[in-house]
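Notes follow the structure.
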2 protein chains.
Amino acid sequence: MPVSRSRGAESRIAPLPMFSVVLVAGGPDCGAGLLFFRLQSGAKTFLIRFASIFWWGMSRNRPREEQANGQQGGGAPANGTVNGTAAPSVSGVRPTILDLAALCGVSPATVSNALADKPNVKAETRDLVRRKAREIGYHASSAARGLRLGRSWSIGLVVGDIANPFVPDVVRGVEDVVWRERKNLILCNTDFQAEKKTAYVRSLLDKQIDGMIVLSQILDAQDMERVAAAGIPLVTVNRRAPDFSTDYVGIDNQSGVRMAVDYLVSLGHRRIAFVKGLFRSSSADDRFAAYQAAVQAHGLDGDPSLAVQGDYSMESGDSAARSLMALSQRPTAILAANDLMALGALGALHDLGIRVPADVSVVGFDNIQLAEHPLLNLTTINHPKRETGDAAARLLLQRIAGDRNEPPRSVVLKPSLIVRGTTAPPPSTPKPRRRRPVTVRGTGDGG
Amino acid sequence: MPVSRSRGAESRIAPLPMFSVVLVAGGPDCGAGLLFFRLQSGAKTFLIRFASIFWWGMSRNRPREEQANGQQGGGAPANGTVNGTAAPSVSGVRPTILDLAALCGVSPATVSNALADKPNVKAETRDLVRRKAREIGYHASSAARGLRLGRSWSIGLVVGDIANPFVPDVVRGVEDVVWRERKNLILCNTDFQAEKKTAYVRSLLDKQIDGMIVLSQILDAQDMERVAAAGIPLVTVNRRAPDFSTDYVGIDNQSGVRMAVDYLVSLGHRRIAFVKGLFRSSSADDRFAAYQAAVQAHGLDGDPSLAVQGDYSMESGDSAARSLMALSQRPTAILAANDLMALGALGALHDLGIRVPADVSVVGFDNIQLAEHPLLNLTTINHPKRETGDAAARLLLQRIAGDRNEPPRSVVLKPSLIVRGTTAPPPSTPKPRRRRPVTVRGTGDGG
DNA sequence: TTGTAAGCGTTATCAG
DNA sequence: CTGATAACGCTTACAA
């Protein structure tokens, strides 16, 4: 079927090979004559719309059984203009609102209103539009809609390293909430590189994202300013930006660490080592400060060599443990600023033939999924990861929907102590308070 | 500074509270008089542009030192139209190409060309435009550009569960490649729910994504058709869609399983159990089929009760191991279709007091990050995860850039055996072939 | 080398 | 209740 015959169309249809022509919508039962064809040629598909012809030849609400064929012969010039005569146009297969309007015999405005469930459209019309829309598979272009409305229905999620076991759980929480509003998630993995971070932020702003969540990192001042200037709501997670106050979700690191130390002390430990997290991370600072405070509060051995620097990686936990065990006066317990380092320490101790928890106790922070594996069985502080993502997303959505001038809100989640198998009284301690049975998921120590 | 004085603007500026007015760009050294102001009121920021006034009062390329103030008094009607007189317009803070054009004293077309590095623009002009663009922080709206060009510079990544430790590594690989072309990643977490999958696909299509990667799942026929009809390149990973041939990245499951079985046999095992993956997953099928083939090839005990169903979760590995150990004739080795199940099995065996590898050997598949932890130390088949993501993204980008009619390509990655501490000769076997030196520390003592 | 103008597909406004 | 129309911000023929 040489559809490409018509005059005005040739310039757009280009050299057409053999096409199979299939009626997609329209026809006797559709109220508007033969209208939509699907052209298939190999993998390529086009949708031909005779939208304009409809306007040209027929009275608006004429019901059906029109001359159901032969129309494609009529040459016609301009295309796209909804008024006068027009040629069939070949589009990249997506029907537009104009198509749908023509198909239903209403104006595009009405289609828009009908689809948006605006009150000012007759139920009958609305149903017609909806039905036809489904029929031809119409979906509004989000580019067009975004351009018009200045929104994009997507939110940017900036993470440092998605492969860090802590991160995906948070992402999961975010996704869950965001999905409920049918917004999309744009995942930005910065590798903690300033340049990549900046570039991603720019890209997100160009995309007119509705909002942004930044996980465990800070944006530099300029980026923050850009985001603020664009009026994009921002929620920071785990790490506050200095000098900028934004909505924030975090965890009470202080009380988390405190619980761990308290628990260790209750077991009888006096020399408790700490493996610090990454430099310049506020959560790392918080946790370390809390450790120091707790040590002081309990009047423990404040030997500064008990605090060693790590970087949140398993390797750093490994080497931290080795250096601690090399100390002339070993600690009897190691508290790490995250689970990965605690697991690293566990590995090192195992290697060194030091028994856990008989010789040394180990406590982590985060409670990543594998921490509960029977062979690891790590006592740790639970960081509610999914809840974190959930809260961040909620905060963001509220901010998007609501007043942007309200003061920033914070959600600080509560950590909890999860006692597993890597903690016990220190060696040669004349049994202190009774140790809880392992595997119990209690919080706080029995005391 | 009562900027809102001018006539035509009032309808848009709305009831303005106190604003602080800051000169952003323009001024004596900018070639176009005072042009850009930033209005700040509380958290809200506006950018005021006198773009049109420029057109109205001044000759085009007039250099500088114009009447540098007092312009805002002049009432002016229409705004946005580049010709005649116009009022200052208040936009949601983003300068548009028109602003930049006016600021540079050139047409928007020239700005566009300059920014796109088109050859037909004088170097001088190009540099001017670029400089000014940076100065006022101009960035093209991707909605507008996307609308015009029908692309979006984002690619959809459909995963089942981002929290599965296998997934983030693949995502990481994808992100890495995609980022190089400055495309964004839209993360779609389907929870393996058909309905969510469909909805996400639709949403992605609405967004005019440039391409799509589907990880470890299949889209139903209708979704596949939609994607194909929209002409969106699609790469499937780990799992082929039946009836649709697409670009594909996977791993040679067969040879992976074969390697594992061969290795176990070489250690002397004859009763090798298999923990199957999720029903209806092609990779699970492949791996199970490969197991069966290998068992047959080696003439091993084909006892069907040695094959138990799992679902890729740790729990299912746990219960699989328990049921296997409850058999009257126990296997001497357990091969699991993924690491999570293998780890679950490890846990169960530990619980049951069965020594690994002394009593039973365990082999996993995937080599997730924690498998190498000294306390787990799981012998496994490495699945190159990052490379998988990398390859998928490459394939996709090539397809996007290149001819979409070329036949689909497949990349099948090679697995490799990673011998760690969970494998050894079966008990009471009069030393078979020499066992490889166990490179890493043993495991399974537990306490 | 630059400018003009026509869209891309929506939705909001306002008029019927 | 429905329709015409004007944006939204950009790119790309085509014209100058």
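All chains are named by letter (A, B, ...) in the order of the sequence lines, taking the proteins before the strands, and each is independently numbered beginning at 1. The structure displayed is predicted, hence computed values, not measured ones.
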Which of residues 139-147 of chain B sit near DNA chain C, with a heavy atom under 4.0 Å from it?
B:L147
Contacts table for residues 109-119 of chain B: side-chain donor-acceptor under 3.5 angstrom, sequence neighbours left out:
from: B:T110; atom 1: OG1; to: B:S107; atom 2: OG; distance (Å): 3.2
from: B:N113; atom 1: ND2; to: B:A109; atom 2: O; distance (Å): 3.3

Rounding to a whole Å, what distance do you find between [X]:[atom1] and [N]:[atom2]?
X	N	atom1	atom2	answer
B:D99	D:dG9	CG	C1'	10 Å
B:L100	D:dG9	CG	C1'	13 Å
B:Q208	D:dC10	CD	C1'	15 Å
A:L98	C:dT10	CG	C1'	10 Å

Report the residues that fulfil side chain to side chain contact (heavy atoms under 4.5 Å, CB included) with [X], sequence neighbours left out, ordered by chain and then residue number.
X	answer
A:R145	A:A140, A:L149, A:W153
B:E181	B:K183, B:L397
A:S142	B:D206, B:K207

Taking atom types as modelled, find out whether A:N184 and B:S203 have a side-chain donor-acceptor pair closer than 3.5 angstrom.
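Present: a donor and an acceptor within the cut-off.
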Provide a list of protein-nucleic acid N or O atom pairs under 3.5 angstrom, restricted to nucleotides 12-16 of chain D.
from: D:dT12; atom 1: OP2; to: B:K118; atom 2: NZ; distance (Å): 3.0

Looking only at the side chain of [X] (C-beta and beyond, no hydrogens), which of the listed nucleotides [options] gets closest?
X	options	value
A:T96	C:dT2, C:dT10, D:dT2	C:dT10
A:K122	D:dT2, C:dT1, D:dG3	D:dT2
B:I97	D:dC10, C:dG3, C:dT10	D:dC10

To check you understand the geometry: which heavy-atom pair defines the closest contact between B:L204 and B:V158, and what is its length?
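In this case the closest contact between B:L204 and B:V158 is CD1-CG2, 4.1 Å.
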Which atom pair, heavy atoms only, marks the closest approach of B:S152 to B:D210?
N-OD1, 3.0 Å
Check B:D223 with B:R226, please: is the shortest side-chain N to carboxylate O separation under 4.0 Å?
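Answer for the salt bridge query: yes.
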